Amino acid sequence: MNLVTSIIFIALILSIILALVSFWLPQMMPDHEKLSPYECGFDPLGSARLPFSLRFFLVAILFLLFDLEIALLLPLPWGDQLTSPLLTFLWASTVLALLTVGLVYEWMQGGLEWAE
């Protein structure tokens with residue numbers, strides 16, 4: 001048996017074992033909330049004119065902001081190969097410091113408190 005056949009065989013066996021375990025392991029006890037197609041807390045059958053909390057959208061925007069931070073810092077490991085890596089790390093540190101100051105400001109204003 002050559003190496004490629006062995007790797008394919010091991011990957012196939014491991015995939016089958018993991019698929020079988022994933023059917024046996026979880027406890028299937030769905031309730032009304034888990035069967036609902038909406039996860040945001042809105043009643044899908046209620047009126048669309050009801051007031052809603054803006055905190056939900058604030059948390060979503062903060063999530064997107066910190067998700068974009070990952071995209072901005074993704075090329076950072078290759079920055080040490082440039083002619084001036086210190087400048088690259090200075091800009092990355094500036095981005096991180098600005099985001100940290102924004103997070104602390106939101107935290108101090110109570111924007112991250114979901115329940116009052």
Side-chain angles (χ1 to χ4, degrees):
M1 223 162 149
N2 61 9
L3 183 64
V4 174
T5 308
S6 300
I7 290 173
I8 291 174
F9 180 72
I10 290 172
L12 183 67
I13 294 298
L14 187 62
S15 300
I16 291 172
I17 289 172
L18 289 175
L20 291 175
V21 167
S22 72
F23 283 114
W24 290 328
L25 195 59
Q27 297 176 356
M28 299 300 237
M29 296 172 54
D31 58 354
H32 177 68
E33 295 297 324
K34 287 185 181 179
L35 293 175
S36 174
Y38 296 96
E39 299 177 2
C40 60
F42 298 132
D43 183 20
L45 302 177
S47 174
R49 304 280 186 236
L50 292 176
F52 54 88
S53 175
L54 288 177
R55 292 180 187 245
F56 174 76
F57 294 104
L58 178 65
V59 170
I61 287 176
L62 284 174
F63 173 76
L64 287 174
L65 178 70
F66 286 102
D67 195 35
L68 285 175
E69 170 199 359
I70 300 298
L72 288 173
L73 297 177
L74 185 63
L76 188 60
W78 291 280
D80 63 345
Q81 299 173 2
L82 296 174
T83 56
S84 62
L86 186 62
L87 184 64
T88 304
F89 292 123
L90 178 71
W91 280 110
S93 300
T94 304
V95 168
L96 284 175
L98 184 65
L99 287 172
T100 303
V101 167
L103 179 65
V104 168
Y105 176 75
E106 284 292 328
W107 195 342
M108 298 309 255
Q109 293 294 319
L112 299 177
E113 298 292 330
W114 190 257
E116 295 177 7

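Index from 1, following the sequence. Everything numeric in this text was worked out from a predicted model, so none of it was measured.
In this structure the side chain of Leu87 never reaches within 4.5 angstrom of the side chain of Leu82, judged on heavy atoms. At a threshold of 4.5 Å between non-hydrogen side-chain atoms, the residues Leu103 and Leu99 do not count as touching.
Contact between Ala11 and Ser15 at its shortest, heavy atoms only, is O-OG, 2.8 Å. Of all non-hydrogen atoms in Ala19 and Phe23, the two that sit nearest each other are O-CD1, 3.1 Å.
Note: the hydrophobic cluster containing Leu98 does not contain Leu62 (ILVMFWY, side chain heavy atoms under 4.5 Å, direct or indirect links). Both Leu12 and Leu20 belong to a common hydrophobic cluster when Ile, Leu, Val, Met, Phe, Trp and Tyr are linked at side-chain heavy-atom distances under 4.5 angstrom.
Between atom CG of residue Leu68 and atom CZ of residue Phe63 there is a gap of 10.0 Å, rounded to the nearest 0.5 Å. Leu18 contributes atom CG, which lies 11.5 Å from atom CD1 of Ile13 (distance to the nearest 0.5 angstrom).
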